[in-house]
Amino acid sequence: GDDTTYIRVTKNQIADEFIHTEEDLVLSNKAFEERYGQWDEFWQHKEAMKEEYSSFIKEIKPAVNAMVQQFELRKSAMESKKIRESTSGSIDVNKLWQYKLDDHIFKSVMTVPDAKNHGLLMYIDYSSSMSHRLYETLKQSVILSMFAKRVGIPFELYGFTTNASMYRDVYNPDSDKNDSNKNDYKDWAVKLVKIADSKWSKSKMHTMFERAMFSAWPYSGRTPFTEPAFQLGGTPLNETISVAHIMAADFVKRNRTEKMNVVFLTDGDAQDMRLSSKLDQWNNNIVWDIEGQTKIELTEEHNRYVYSDQRRMQAKKILLSSLSKKYNVIG
């Protein structure tokens, strides 16, 4: 009826518009170097980043080793059925390294019922409000990624935010892309940049981490340089949770994962959804039709004439609970 908004979430839109392609990432780096390449300071900072990154990697080795050891111990314990270790066996993370890794994430991934095949899909919030903790959050994700790589857990890590620059001429001045409204989420609703992937070579992964961390420096006052792909925007958390349904299912199929973990590293609240103009997110009923996955209905009453955070919170809650029915959702 008039009071229901139907939102279609499709595989095609994720692939064609939301996820930065390899080519987009090449163009982003090119635009970055063309813009700042004549500054000596730019290359000096890049050199400094290289050094800082490699000493960071050395520094976390013992921590990663400890995590691997714990994981293998639990796994063999599970396999021999002698012990069922709960999450109470905590690592004293602070002794291991000063980056306070979210122990909860690690322990959630560590519970190994019958040593099933794990998978790890991570989303880092690239909204402006994350700016002062982005660098540390990236460090945490490097530690988690290196742990996962070592124990053979397939993983992917994405930064998510809104998609302003992709539809400007940052990469491609003769692009004819505009906000076409051919999809229910606006073209600029979500930007996903893949920062790590267990299938990548070691050097590619470290290069991407270094790029991401370099672009997070300005927010801690270190440099004025941010690569276009890594610019901060809004918090399209509800859109991202809805597309995560499709991405996680795809991940499970590709990696034959039995215990799928979906992690959101975010500081919280979703913004209003960016829907094409024919759709009204203030309607009493919202239905997400997530292609190949599920239909999610939000029917909680709210007062559409009072601007409040209620609707966003309702949406977040119902989308997360839908995702949690299938996967271990953390964060």
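Side chains included, hydrogens not; waters and symmetry mates left out as well; all remaining heavy atoms used. We number each residue from 1, following the sequence as shown.
- Closest of all the heavy-atom pairs between A196 and F155 is CB-CE1, 4.0 Å.
- Summarising the geometry, atom CE belonging to M146 is positioned 10.5 Å from atom CE belonging to M67; distances are rounded to the nearest 0.5 Å.
- For Q69, the CD atom is loosely surrounded, since the number of other residues' heavy atoms within 6.0 Å does not exceed 12.
- Minimum heavy-atom separation, A229 to K191: O-NZ, 2.9 Å.
- Partners of K326 under the side-chain contact (heavy atoms from CB on, under 4.5 Å) rule, at least two apart in sequence or in another chain, are Q293.
- Taking 4.5 Å as the limit, some side-chain heavy atom of M213 sits within range of a side-chain heavy atom of Y135.
- Looking at heavy atoms from C-beta onward, T240 lies out of side-chain contact with Y158 at the 4.5 angstrom threshold.
- Residue Q38 qualifies as enclosed at atom CD: its count of foreign heavy atoms under 6.0 Å is above 12.
- Between E227 and S28, the side chains place a donor N or O and an acceptor N or O closer than 3.5 Å (distance only, hydrogens not considered).
- Between the side chains of S242 and Y185, at least one donor N or O lies within less than 3.5 Å of an accepting N or O.
- I246 is connected to I19 through a chain of hydrophobic side-chain contacts under 4.5 Å among Ile, Leu, Val, Met, Phe, Trp and Tyr, so both are in one cluster.
- No side-chain heavy atom of E47 sits under 4.5 Å from any side-chain heavy atom of F42.
- Between M130 and T137 the shortest side-chain heavy-atom distance falls below 4.5 Å.
- Hydrophobic clustering places W200 together with Y53 (ILVMFWY residues linked when any side-chain heavy atoms are closer than 4.5 Å, directly or through intermediates).
- Summarising the geometry of W39 relative to P224, their closest heavy-atom pair is CZ3-CG, 4.5 Å, with the distance given to 0.1 Å.
- The backbone N or O of K199 sits less than 3.5 Å from a side-chain atom of D197, completing a donor-acceptor pair.
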Subject >> salt bridge (charged side-chain N to carboxylate O under 4.0 Å, His left out) evaluation trace for E156 with R254 >> reply: CA-CA 12 Å; E156 287 172 18; R254 276 183 290 123; 3.1 Å; yes
**OP:** In sequence, state the C-alpha distance, the side-chain angles, and the governing distance for S145 and F209, and then conclude on side-chain contact (heavy atoms from CB on, under 4.5 Å).
**Re:** CA-CA 10 Å; S145 301; F209 272 132; 3.5 Å; yes
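- Without hydrogens or angle criteria, K149 side chain to S198 main chain gives a donor-acceptor distance under 3.5 Å.
- Taken to the nearest 0.5 Å, the CD atom of Q70 stands 9.5 Å off from the CZ atom of F147.
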Original post:
Can you check side-chain contact (heavy atoms from CB on, under 4.5 Å) on L237 and Y123, steps first, answer last?
Top reply: CA-CA 10 Å; L237 186 58; Y123 295 95; over 6 Å; no
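- Smallest separation of non-hydrogen atoms from A212 and L138: O-CD1, 3.7 Å.
- Using modelled atom types, one side-chain atom of S131 and one backbone atom of S128 make a donor-acceptor pair closer than 3.5 Å.
- Of the possible donor and acceptor atoms, none in the side chain of T235 sits under 3.5 Å from a partner among the backbone N and O of S127.
- Of the charged side-chain nitrogens involved, none lies within less than 4.0 Å of a carboxylate oxygen, so that K46 and E41 do not count as a salt-bridged pair.
- Looking only at side-chain heavy atoms (C-beta outward), F251 and P154 come within less than 4.5 Å of each other.
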Subject >> Candidate pair I286 and T4, rule side-chain contact (heavy atoms from CB on, under 4.5 Å), full reasoning >> reply: CA-CA 6 Å; I286 295 183; T4 301; over 6 Å; no
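- Separating the CG atom in L134 from the CH2 atom in W217 is a distance of 14.0 Å, to the nearest 0.5 Å.
- Scanning both residues, T162 and A189, for their nearest heavy atoms gives CG2-O, 3.6 Å.
- Looking at heavy atoms from C-beta onward, H20 lies out of side-chain contact with L192 at the 4.5 angstrom threshold.
- Salt-bridge check for R8 with D184: passed, with a basic side-chain N closer than 4.0 Å to an acidic carboxylate O.
- For the pair S276 (side chain) and K186 (backbone), a donor-acceptor distance under 3.5 Å is absent.
- Taken together through direct or relayed side-chain contacts under 4.5 Å among Ile, Leu, Val, Met, Phe, Trp and Tyr, I60 and M208 form part of one hydrophobic cluster.
- Using modelled atom types, no side-chain atom of T257 and backbone atom of M260 make a donor-acceptor pair closer than 3.5 Å.
- Although no hydrogens or angles enter the test, the distance criterion places a donor-acceptor pair under 3.5 Å between the side chain of H302 and the main chain of W282.
- A donor and an acceptor atom, one from each side chain of N328 and N261, are located under 3.5 Å apart.
- Taking CD1 of I330 as the reference point, atom CG of L265 lies at 9.5 Å (rounded to 0.5 Å).
- The hydrophobic clustering, which links ILVMFWY residues whose side-chain heavy atoms are closer than 4.5 Å, places M313 and L320 apart.
- Looking at heavy atoms from C-beta onward, L232 lies out of side-chain contact with T161 at the 4.5 angstrom threshold.
- Checking side-chain atoms of D250 against main-chain N and O of M247 turns up no donor-acceptor pair under 3.5 Å.
- Counting all heavy atoms, side chain and backbone alike, V262 lies closest to A248 at CG2-CB, 4.2 Å.
- Between the T266 side chain and the D125 main chain, no donor and acceptor come within less than 3.5 Å of each other.
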Original post:
Would I57 and H206 count as a side-chain contact (heavy atoms from CB on, under 4.5 Å) if you check the C-alpha gap in whole Å, the side-chain angles of each, and the deciding distance to 0.1 Å?
Top reply: CA-CA 9 Å; I57 294 299; H206 284 306; 3.9 Å; yes
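- With values rounded to the nearest 0.5 angstrom, T226 atom OG1 is found 6.5 Å from F32 atom CZ.
- Every residue meeting the side-chain hydrogen bond (donor to acceptor under 3.5 Å, both in side chains) condition with Q314, not counting sequence neighbours, appears here in chain and number order: R311.
- Interatomic distance, K278 NZ to T5 OG1, rounded to the nearest 0.5 Å: 10.5 Å.
- No salt bridge links K139 with E59; every basic N to acidic carboxylate O contact stays at or beyond 4.0 Å.
- Looking at E239 and R274, no side-chain N of the basic residue comes within less than 4.0 Å of a carboxylate O on the acidic one, giving no salt bridge.
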**OP:** Evaluate the criterion salt bridge (charged side-chain N to carboxylate O under 4.0 Å, His left out) for residue pair R312 and D269; output intermediate values, then yes/no.
**Re:** CA-CA 8 Å; R312 307 187 262 208; D269 288 342; over 6 Å; no
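- In summary, of the residues considered (T10, V9, I7), a side-chain contact (heavy atoms from CB on, under 4.5 Å) with I290 occurs for V9 alone.
- With hydrogens and angles ignored, the 3.5 Å screen pairs a side-chain donor or acceptor of W43 with a backbone N or O of G37.
- With a 4.5 Å cut-off on side-chain heavy atoms, Y327 and L121 do not count as touching.
- Remark: the H245 side chain and the T294 side chain contain no N/O donor-acceptor pair separated by less than 3.5 Å.
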